[in-house]
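Please read the structure below before turning to the comments.
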Amino acid sequence: MSQCRICSSTVREFLDFGSHPLSSAFVSPDATGEEFRYRLAVGACTSCGMVQLTEDVPRERLYHKGYPYHSAGSTVMHAHFEETGRGFLARELGGPDPFFVEIGCNDGVTLRTVADAGVRHLAFEPTGVAGGRVHSAFFDAESAAEVRAAEGPAQVVYSANTLCDIPGIGAVFEGADILLAPDGVFVFEDPYLGEILARTSFDQIYDEHVFFFTARSVASMAACFGFQLVDVERLPVHGGQIRYTLARAGRRTPTAAVAELLAEEAARGIGEAAGLDRFGAAVHTVRRDLVALLRDLTAQGHRIAGYGATAKSSTVTNFCGIGPDLVPYVCDTTPSKQGKLTPGMHIPVRPDTAFRDPYPDYALLFAWNHAEEIMAKEQAFRDAGGRWILYVPEVHIV
Ligand code: SAM
Ligand code: TMP
């Protein structure tokens, strides 16, 4: 039993993936020495319902100058973040001299969209990935107070795929409280537990993703820190996300969408023990089916490659025991991953251009959240007789 990071009540563990390496710690082929490992396990708070990892990995081990993730690698995500920036400009940043702050901007597409409109902006990004006006620091009460003193209050504090990554999330709420204008909004978008359960997308569970939000758990968390959930919006990206809009308690009227989603979660029992235990059982079924399929295809002499050396795939390969004997290589567009070995299972990573050189018979789509974009781009693979293997929502070939 561990303690809830939000309300300090007891967390009941419902799934233990065992010992795992860091999901983005790609290994040099000539590296010696042990990889850092931790126990990857997930539980739910018996009081506020927040689903969360039961062990922490030190954040400095995850987010540093060698952090390999680049958000703009996907054209769909690029377009999504431009649209997000335009939405803020239209809805929240229309007053005199507005100020936009982003937490974890990575390569900064939303930030640039706001900057290009001539709006004051600043991002907190410890990895130094982004160009533009970026404070190379973790966002917390201290760094927020410095910015508030120097630049005044922000109309929007926004964060994508980052809030769910921060175990000490209380410090982020303190920072948002310090930095936000009285009527400002604190907006974040992250993977939705309801979608993870519906799709058995257990690969969303890895070291970076500490929290798995629902409207219920976010509403409860917001209340703990003097905020209120005032809007929710479903996003189709990254396998199903929710954009949560928070305001200071009592400052804005919640939209009907909040009550609707809360009612839906209650009706479907999302986050309740029975559903979480069913998810745990379904995860084991996917592992069994995926390993059996890869072994069968390999025994029949088919050539298999992985596609997308995602952080998510670290959970799949390490939990299922999938190494180069079943998937001899994985192709990926990220230069800093190419030529390295995947964490733990040590599958060689090749450039995406090597995918066609020659095409494998089957490609295991680890980047399934970008399926539409990748399958369109790789139509020639299908035309040449290649087939995709997917494991979400269950193991299947298309
Ligand atoms: N927002 C981008 C997106 O949606 O594609 C990047 C998401 S990436 C998974 C998380 C980013 O948050 C990383 O670039 C990381 O360096 C940054 N990050 C993590 N903790 C942070 C913190 N406390 N303050 C600011 N940035 C943080
Ligand atoms: P993500 O699922 O966390 O966004 O990671 C996607 C990974 O897949 C990243 O390493 C880049 C890679 N990728 C490709 O290799 N080709 C592509 O077309 C896309 C969209 C991603």
Side-chain angles (χ1 to χ4, degrees), residues 15 17-27 35-42 52-53 55-74 76-77 104-107 125-127 129 159-167 189-192 195-196 199 201-212 237-241 283 306-320 322-323 327 329-350 352 364-371 373-374 390-392:
L15 189 52
F17 292 97
S19 164
H20 276 243
L22 300 181
S23 62
S24 286
F26 289 80
V27 181
E35 291 167 81
F36 175 86
R37 298 189 80 88
Y38 70 103
R39 192 173 73 90
L40 178 62
V42 67
Q52 53 199 286
L53 295 189
E55 286 195 16
D56 274 357
V57 170
R59 299 293 95 182
E60 291 71 18
R61 279 193 178 271
L62 301 177
Y63 308 113
H64 45 68
K65 301 280 181 235
Y67 183 65
Y69 187 71
H70 300 294
S71 322
S74 153
V76 169
M77 291 312 298
C105 67
N106 198 263
D107 46 18
E125 174 50 71
T127 64
V129 182
S159 190
N161 301 298
T162 303
L163 252 279
C164 74
D165 295 0
I166 303 177
E189 57 196 62
D190 286 292
Y192 180 45
E195 292 286 355
I196 295 173
R199 298 176 192 230
S201 46
F202 66 96
D203 55 352
Q204 297 279 11
I205 302 169
Y206 58 93
D207 46 18
E208 288 181 24
H209 289 172
V210 178
F211 296 108
F212 303 89
V237 297
H238 283 315
Q241 303 204 319
V283 169
Y307 201 111
T310 58
K312 290 186 290 296
S313 68
S314 178
T315 297
V316 178
T317 54
N318 287 285
F319 178 60
C320 300
I322 297 169
V327 176
Y329 60 95
V330 52
C331 297
D332 193 285
T333 48
T334 316
S336 63
K337 296 181 183 178
Q338 296 163 1
K340 302 251 178 79
L341 308 173
T342 64
M345 296 310 293
H346 296 182
I347 302 174
V349 183
R350 294 187 185 167
D352 54 316
L364 176 54
L365 187 54
F366 289 124
W368 57 266
N369 46 316
H370 303 295
E373 178 176 347
I374 290 173
L390 288 124
Y391 47 82
V392 174

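Residues S19 and R39 have side chains not in contact (no heavy-atom distance under 4.5 Å, counting atoms from C-beta outward).
Q52 places no side-chain N or O within donor-acceptor distance of the main-chain N or O of F211, the cut-off being under 3.5 Å. Looking only at distances, no side-chain donor or acceptor of S23 sits under 3.5 Å from a matching main-chain atom of S314. Not one N or O on the side chain of N318 forms a donor-acceptor pair closer than 3.5 Å with the backbone of H20. Not one N or O on the side chain of Q204 forms a donor-acceptor pair closer than 3.5 Å with the backbone of I196. K337 places a side-chain N or O within 3.5 Å of a backbone atom of A309 that can act as its donor or acceptor partner. Using a distance-only test at 3.5 Å, with no hydrogens or angles considered, no donor-acceptor pair links the side chain of Y38 to the main chain of E55.
Here L62 contributes atom CG and F36 contributes atom CZ; the two are 8.5 Å apart, rounded to the nearest 0.5 Å. Between Y329 atom OH and R350 atom CZ the span is 5.5 Å, to the nearest 0.5 Å. Taking NE2 from H209 and NZ from K312, the interatomic distance works out to 7.5 Å, rounded to the nearest 0.5 Å. Considering CG of D203 and CH2 of W368, their distance stands at 5.5 Å, rounded to 0.5 Å. Rounded to the nearest 0.5 Å, atoms CD1 (I374) and OG1 (T333) are 8.0 Å apart. Separation of atoms CG (N161) and CD (Q241) is listed at 4.5 Å; rounding is to 0.5 Å.
Here side chain to side chain donor-acceptor pair (under 3.5 Å) pairs that include residues 338-348, with residues two or more places apart or in two chains, are E35-H346.
In terms of heavy atoms, I205 sits closest to L53 at CG2-CD2, 3.9 Å.
Using cut-offs of 30° and 60° on the angle between ring planes, the pair F202 and F17 is parallel.
None of L341, V327, V330 except one satisfies the side chain to side chain contact (heavy atoms under 4.5 Å, CB included) rule with P348; the exception is L341. Checking T162, D165, I166 one by one against Y63, the side chain to side chain contact (heavy atoms under 4.5 Å, CB included) holds for a single residue, D165.
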